[in-house]
Structures are given as C-alpha cells and as structure tokens.
There are 2 protein chains.
Amino acid sequence: MKYSKIPEATIRRLSRYSRCLEEMDEKREEVVSSAQLATKCSVNAAQVRKDFAYFGEFGIRGVGYYVKDLLQDIKRILGLNREWRMAVIGVGNLGSALLSYKDFLKQNYKIVAAFDINPLMVIGRVSEKLGKPVEVLHVSRLKDVAKERKIEIGIIATPPSQAQSVADLLVEAEVRGILNFAPTQIKVPKGYVAKDVLFTNALDNLAYLLTNY
Amino acid sequence: MKYSKIPEATIRRLSRYSRCLEEMDEKREEVVSSAQLATKCSVNAAQVRKDFAYFGEFGIRGVGYYVKDLLQDIKRILGLNREWRMAVIGVGNLGSALLSYKDFLKQNYKIVAAFDINPLMVIGRVSEKLGKPVEVLHVSRLKDVAKERKIEIGIIATPPSQAQSVADLLVEAEVRGILNFAPTQIKVPKGYVAKDVLFTNALDNLAYLLTNY
DNA sequence: TATTGTGAAGCCTTTCACAGCA
DNA sequence: TGCTGTGAAAGGCTTCACAATA
C-alpha cells in the first residue's frame, strides 16, 4: 500500500492486537485470520487488514497471519522490541503502586528511578513492596539522574496541582516522553510527547452513559 | 440546534471542559469565551461551541459563557450532579491506591465497598492508609453487598487474568457500570457499560511516537 | 477455496465562515 | 461591536465489496 499519514487510532489498535496476539501465542495458536483477531479485539475485520496495510504486507492470502511473526512485526512497528527506561515522579499511593506494577516487566518497560519532594517520607512504603527496592530520590536530582540513567519516559503520579511543573522539569531534563496520571492535561513543547491517562474522564463517561441509556 | 446522536468524543471533551471550568471558578473567573476555553483545553473554538450546541444554548452572544452556570449545566449533562456509589474489586497495590485517591471525594464519586479474594491479607494495607477505612470483604459477598449498598460502578483492579470473571460477577450483581484497570479488554452484555483504562496502551503509544518522530 | 490487500463509498467529526443577536 | 450558534465544506476514518493470490 502507498505511504500515507498513519491515524492515531491505528496505533492504539496495534497495541491491542499485540496484547491479543501475546495471549494467542501463549496458547500455542499458530495462525490467525483478520476475522478472528477482529472479533477478539471488537473491531471490523477490514479495519484490522487496513491497519496492517499502513506498514506492509504481513499475511498469506487464503491462510491468514502467523501469530509469532505478526506479533514481532507489530512490536517492531510500535518500538517495543527494546527496553524503555522510565522514572516515576511522585511516590504516593499511586506512584508506589506503579513501582510494583508487575505487568511492566513482561512488556520491556523498566522503572529505573523514583522521585518525590519528600523522599524520606516514602522510603518505607516502597521497600516494603518491592523485592528489589528502587531508592526514592529528591526531585531536585531529576535532571542529573535522568542523564545518568538514560531515562526516556517520565511517569507523573503527583497531585494535579504539581503535574505541569513536574512536566516542565522533565522537559528540562530532556526526558522526551511523559505519561501523566494526574487528572489534568499537561502541555509540552515540540519534540516532546505527553499522554494523559485521565481515568477520571473515563468515570465521567460511565456516569453519562449510565444516566442517559 | 436540532436533535441528533451525540459523538462519544463530545462527551469526553465535556469532561475536560468541566475540569477547566472548575479551575476557573476557583480562580473567581466569571465569564469565559469559547476561544479561551478552547485554548485551555487544546481544541478548536468552533468545536467547543458545537459540543455545547448538542445540548442547547448556554452562551450570550457578544459576551461568552458564565463560568458557574456553564459548569453546572455540563455537570448536569454528564450526570455528575449527584453521588455515584462505587466498589473496588482487587485490593492490591493499585486497588489500595484507588481506595485512598483524594480526587474522588471532590468529584462526587464515593467508594463504599472493597473486595478481594483474600480479604485478611490486605486489611492492614488499607486501614493504614485511610482515615476511615473501608472494610475489605471476600468477593463471594459481592452480589449481596452490591444490592445492600446500592453500588452502581465497579472498579476492577485485579490482575488481567481475573478481570473478565470479575466483570461477569459484577454483571450478575447488576452493577451496570464497570471501570477496568487491568491491561485487557473486558466484554459486558447489553445494558451494561464497561470502560477499559489501558494505560499500558498509552505507554505503547509513547514508545511508538518516540521511535518514529 | 479461503482469506488477504485495497479502491471506492459511506459515514462521522472537525473546521470554516458568516448570519444572528445581546 | 464582539462572540455565539450553525449550515456547509473539508477532512479523516471505517466499512464495503471484490480483485488478487497462496
């Protein structure tokens, strides 16, 4: 297929296909059709094929896709065929939950640093939960440590009032990717990427749907 | 404006407008134009006006919108003008972080029950964090307690392998809204609503953008 | 024969541009 | 005058339908 701009929705779906394919691979399934994958991910089969078409041809006509190969191709496309080094900023309840989030390990995401405005306060909380505790450092050390430890993604888990200023610190430290868990939208300059998780918006959405349908 | 189907994207944006308006209201700002609100929420001004137009006319030509009134209207539209009673299922690190998540209080969301497959294991973890601890109950009591406490939204904070079966339990208990934090898509029958938070997909998205731009 | 890859149609969302109005 | 409300245009994404082919 000819080259063109790739829809953001396609990238989001690739991530979902990847998860499904991992499950299939674990179950030793070897081949999958676009229709099967589509059902599993609740999308249209043509959509699945078109999503892949942005990046090349991965299937065999009359057969389908080889699970292992397709999974590897998708991971390569998403940039998941290598380790990503991350830092958590804000080691409150949410931050410490993220520090011990087991799913990161399987997915090549690695938390290599943790920061807080009061590191002494939270040390117990972290070490009690982790087999191999990550030392909690003062945020003032963010810039230096980010360089040292080659941090590429910063996870903001502070209260909303501090989210933007932490984002600014991350930008200053040249941490190019930011995942924000605070219930507020953050802004970053060109060359940087920020994603807001905004799960409270998902709750608002539920409230709306429950009220109106 | 004539009645028509409301885009899901509009509902998501209403939730963002609501947050921005709350901030403005706290700063005692009384009037806001669609252009100002648009800038603050990183959208187009015509988009803001069109979003509102689905539900009626809220502004004054030549002036703008009264912050307080608009905020109340949006909250009413979203169904946020009343309390929502929620339960958390799975009191691991993430679950207990949610139990003490302060932002819920401000937003009329109230956690009135917590469940786990091993309630005794997690009691310490919860009570240590909450001023007024929510007792952790065994999941087998979900159906009865959901009725008793009028639970309308269930928050799944279990490992991914158990997410769908917990969703099934919630459906059986007639808890109509589900917010799923496990990194897997869950399915529910008609009449029920489920939203997956999938923050690992947001990370994948970051990885993609950092790799390709 | 079964399923992929894809041009074209259809649908939905966003943006423009300006009439309408306080 | 300045900003809202909205019809129409533009743009983008999804789905259809079928040619291509292992």
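On a predicted model such as this, the values are computed, not experimentally measured, just so you know. Letters go in sequence order (proteins before strands), and every chain restarts at 1.
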Notebook entry, point to check: Tell me: NZ of A/Lys5 to C1' of D/dG11, nearest whole Å?
Noted result: 11 Å
Notebook entry, point to check: Roughly how far, to the nearest 0.5 Å, is CG of B/Leu209 from NZ of A/Lys195?
Noted result: 5.5 Å
Checklist line | Any A/Ser34 side-chain nitrogen or oxygen under 4.0 Å from OP1 or OP2 of C/dT4 | finding: yes
Next item on the list: Could you tell me whether A/Tyr17 and A/Tyr65 have their ring centroids closer than 6.0 angstrom?
Entry: no
Item checked: Spacing of A/Asp73 atom CG relative to C/dG5 atom P, expressed in whole Å -> 11 Å
Next item on the list: Report yes if at least one side-chain N or O of A/Tyr65 is closer than 4.0 Å to OP1 or OP2 of C/dG5; otherwise report no.
Entry: yes
Next item on the list: Let me know the distance between CD1 of B/Ile6 and P of C/dT14, rounded to the nearest Å.
Entry: 14 Å
Note to self: Once you apply a heavy-atom cut-off of 4.0 Å, does A/Phe52 come out as touching a base, just sugar-phosphate, or nothing?
What the structure shows: nothing
Next item on the list: Check A/Gln185 against B/Cys41 and note the closest heavy-atom contact, atom names and distance.
Entry: OE1-O, 3.6 Å
Item checked: Where protein sits on nucleotides 14-22 of chain D, one letter per nucleotide: B base, S sugar-phosphate only, - none, heavy atoms under 4.0 Å -> SBBB--BBB
Note to self: Looking at B/Glu29 and B/Lys40, is any side-chain nitrogen of the basic one under 4.0 Å from a carboxylate oxygen of the acidic one?
What the structure shows: no
Notebook entry, point to check: What integer distance in Å separates A/Tyr17:OH from C/dT4:P?
Noted result: 12 Å
Note to self: Taking salt bridge (charged side-chain N to carboxylate O under 4.0 Å, His left out) as the criterion, tell me which of B/Lys68, B/Lys75, B/Arg16, B/Lys106 meets it with B/Glu22.
What the structure shows: B/Lys75
Next item on the list: Measure the distance from CG on B/Leu37 to C1' on D/dC3 and round it to the nearest whole Å.
Entry: 14 Å
Notebook entry, point to check: Would you say the side chains of B/Thr200 and A/Arg19 form a donor-acceptor pair under 3.5 Å?
Noted result: yes
Next item on the list: Send over the distance from B/Phe55 CZ to D/dT4 C1', rounded to a whole Å.
Entry: 17 Å
